[in-house]
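All values reported here derive from a predicted model rather than from experimental measurement.
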Amino acid sequence: MTTFFLIDTHYTIEAGKAIIHLYGRDEKEKPITLKDENFQPYFYVLTKDPKALEKLKEEDYHVVKVEKEKKLLLEKPVTAYKVTVNLPTAVPVLRELAKEVGDTLEDDVLFTRRYLIDKGLTPLELVQAEVENDTIKSIKPAQGEYKPKALAFDIETYTPPGRMEIDYDNPIIMIALYAPDYKKVVTWKKAKGAEVLDSEKSMLERFVTLIKEYDPDILTGYNSDGFDLPYLLARCKKLKVELAIGKDNSSPIAKGRTRQEARIIGIAHVDLYKFIRRVLGRTMKTQSFSLDAVSKELLGKGKKDVDIASIGTAWNAGKIDKFVEYNLHDTKLTYDLMHKVWPSLLEMTKIVGLPLFDASRLSFSQFVEWYLMKKAFSMNELFPAKPGYKEQTRRMGQRAQGGYVFEPEPGVYDNIAVYDYRSLYPSIIVSHNISPGTVNCACCKGKIPEHDMHFCKKKQGFISGTIKELLDYRTNIKKESQKKKDVVLEARSYALKVLLNSFYGYLGFAMARWYSAQCVEAITAYARHYVKDVIAKAEQQGFTVRYGDTDSCMIELGKKTTKDAKKFLDLVNKDLPDPMELELEDVFPAGIWVATKSSTTGAKKRYALLDKEGNLTIKGFESVRRNAAVIARKVQQELLMIVLKDRNEKKAVKLVKDTVEKLRKNKLPVEEVVIKTQIQKNLDKYESIGPHVAAGKLMEKKGMTVKKGTLVAYIVKKGEGKIRDRVELAEDAKQSQYDGEYYISHSVIPAVENILHVLGVSPESITEATQQTSLKGF
DNA sequence: AGCTACCGGGG
DNA sequence: GTGTACGGTAGCT
């Protein structure tokens, strides 16, 4: 009997047979590799002619057996035929033939995932297997707590002085590895604190050896899907090094130009950037997801203060000690982040039942779908088929009416009480039993708000039942974690929250197996009903409602107190069906709502709140991008702070006026107006010539190589005509050259105009005032 | 208005 | 690998 924690799965074909490989670690931290030769691929067919299924055949692919089964499909009983075939790759071939006989189902579930579902195995949980010669006789889940054996890594690459761009032609100059009991930097020039190899090639070979020696279950990096691993692969290919870090000595498999990911067989590669941005991003304050910003927020300390742009110069001069420290520190941050988010990663992996590699990269809709598939299997429900291209387009055309948004009156207000319904959509789904199988049942009657539709009151739906279970489970966990503070319970609760909040989007997601336009319509109709209800009740109580959106309602307290705000909560909650509940999120000292660009009516989804600690919560305003001049963002942030915190209108207007003035007189340095854009393909491949392409051509003219990945930095010059005819490379630009008017009208004014409107100041008055002081304010 | 291209993170 | 992915904006056409 072997018990071990399951880390990764993989399959190979040997002697015409599929073999599942399981990689893991036992409780004594010994690595485990096992194979299972007794699992066969299959799919289902709904047909009146099961005899025909037995004869399906093409080349080496054939049917092993056909079994009749009673199953459910969208909550209704069906007879399905389980067609077992000889190889996983036979499935896509034979299912096409089977389609002539009937409808096929579950014909696109990856073989190793099928294995996990059918065996009830959950990665990172204990697994118990009866084994003979490393081959599994039987296998089942068990109980135990896994301690991650993780290693963080980070590469530094050479960039020629003055050129800050990513180019696989430049060598990797150092690599750091970090675990609390293991700190290592390898490089190929003399340096303090590093192991020095004689060339890039030997450094890469050493890297492979070091990984093998440490033997981690988890290899983690920051943006390592998008940078470190593809870069390592490119350099290894060039230098003919086998990047054999997989447990089967295979090289990582990098995939996809968009949404790239790099898989290592047997090792869970976790890209923390991807995970944190996708999963935790929503709840974080930071606007940027750089390692520095994320570490500061989650760990309370950032990166080492090193000018990374000078790495090329330092390398050429052989003075790289500082970068060795920097490199190692980055891996320490990465490791510590891993440790910090580990409870969330672990819980998500366990909930969804997929290997950590996949679980850490799930989109929200996949999170729901894989959970539902696991659930469906246990309830004998067939997985509905994924939609074809035509069906997807049809679904995309069915856009449901969204949530209700209260039209705000532009202005700055004090003491804003923010209420929201706790898990609004999930609680609506549960309280009204909304599920694809309960729509317009024959046994019940009724009508939902706004639509001629009803949902069964007698039979629990598959989706609504699943959500009810999850909600109840989460409520219990929250109760427990209130008794004693426990990071694991909190993480589990958070993972469940993420899952619960994703169901609504999932039901309306065109690619979803359990798509239901009717459910989506019903959920939003109820949501609008309940939000309008709070707004009406608040107004009845004499509160001034300032805003409301989808599941929230924001009230200006005015002379009323926080106590009154809490009392109102009870008034609303006593009428709500279980498990719906309104909560008071917080009372904010100040908030601003702005008008739309073209009118004086309040803009929806664009506002900012100032919390008690003096931090801004900004909704709907532009975010940081490198292809925008920094000046715009800077002015916007400062302006909001002045308006909400200092409450000084004059100072606010002065800030914008000064900025406009400085731009007009070219008093701001070139750096504040530089626009940086990456060239994504060869210059001659462009159909439409944007400013960045024109800038790229200027670089070529100077004899510089411009190719995919080159970062062009340019400014817009004074003059007439198209923007692209007025670009100048940042490195050649003089401060006197840039077109202040362009930046005023394209960057600064768009970023601040609706904030100015609230102060009763028109952007024209600001832009004109500095030109002709006599026409002030008009 | 519709289409094309780029952003994110990394050095 | 029994495969499929985001969501938003600026500027050109």
Base, sugar-phosphate or nothing for [X]? Non-hydrogen atoms, less than 4.0 Å.
| X | result |
| --- | --- |
| Leu110(A) | base |
| Phe364(A) | nothing |
| Leu87(A) | nothing |
| Asp154(A) | sugar-phosphate |
| Arg95(A) | sugar-phosphate |
| Ile253(A) | nothing |
| Thr157(A) | sugar-phosphate |
| Tyr742(A) | sugar-phosphate |
| Phe289(A) | sugar-phosphate |
| Asp358(A) | nothing |
| Tyr11(A) | sugar-phosphate |

### Query
Counting only N and O atoms by type, is there a donor-acceptor contact under 3.5 Å from the side chain of Arg263(A) to the main-chain atoms of His269(A)?
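No; judged by distance alone, with no hydrogens or angles, the pair does not exist.
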Any [X] side-chain N or O less than 4.0 Å from OP1/OP2 of [N]:
| X | N | answer |
| --- | --- | --- |
| His746(A) | dA10(C) | no |
| Lys386(A) | dT4(C) | no |
| Arg277(A) | dG9(B) | yes |
| Tyr44(A) | dT2(C) | no |
| Arg724(A) | dT13(C) | yes |
| Gln678(A) | dC7(B) | yes |
| Tyr686(A) | dC12(C) | no |

Rounded to whole Å, please give me the gap between [atom1] in [X] and [atom2] in [N].
| X | N | atom1 | atom2 | answer |
| --- | --- | --- | --- | --- |
| Lys722(A) | dT4(B) | NZ | C1' | 15 Å |
| Asp225(A) | dG9(B) | CG | C1' | 11 Å |
| Lys676(A) | dG9(B) | NZ | P | 14 Å |
| Glu369(A) | dT4(C) | CD | C1' | 10 Å |
| Asp118(A) | dT2(C) | CG | C1' | 13 Å |
| Tyr273(A) | dG8(B) | OH | P | 8 Å |
| Phe227(A) | dG8(B) | CZ | P | 14 Å |
| Tyr326(A) | dG10(B) | OH | P | 8 Å |

### Query
Which whole number of Å gives the distance between the P atom of dG10(B) and that of dA5(C)?
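It works out to 27 Å between them.
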From [options], pick the nucleotide closest to the side chain of [X]?
| X | options | result |
| --- | --- | --- |
| Lys681(A) | dA5(B), dG8(B), dT2(C) | dA5(B) |
| Ile166(A) | dC12(C), dT2(C), dG10(B) | dG10(B) |
| Ser290(A) | dA5(C), dG10(B), dG11(C) | dG10(B) |

### Electrostatic pair Arg394(A):Glu391(A) at N-O distance under 4.0 angstrom
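Looking at Arg394(A) and Glu391(A), the cut-off is met.
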### Query
Between Lys285(A) and Glu297(A), is the closest basic N to carboxylate O distance under 4.0 Å?
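So Glu297(A) does not pair with Lys285(A) through a salt bridge.
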### Query
Is the ring centre of Phe509(A) less than 6.0 Å from the ring centre of Phe364(A)?
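Ring centroids of Phe509(A) and Phe364(A) are no less than 6.0 Å from each other.
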#### Entry: Check: Val85(A) and Phe43(A) side chains under 4.5 Å, non-hydrogen atoms
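Sidechains of Val85(A) and Phe43(A): in contact.
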### Query
Tyr42(A) ring centre to Lys82(A) NZ or CZ under 6.0 Å, with the angle to the axis within 45°?
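Pair Lys82(A)/Tyr42(A) counts as cation-pi.
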### Task
Classify the ring geometry between Phe39(A) and Tyr115(A) as parallel (under 30°), tilted (30 to 60°) or perpendicular (over 60°).
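The arrangement is perpendicular - the two ring planes meet at more than 60°.
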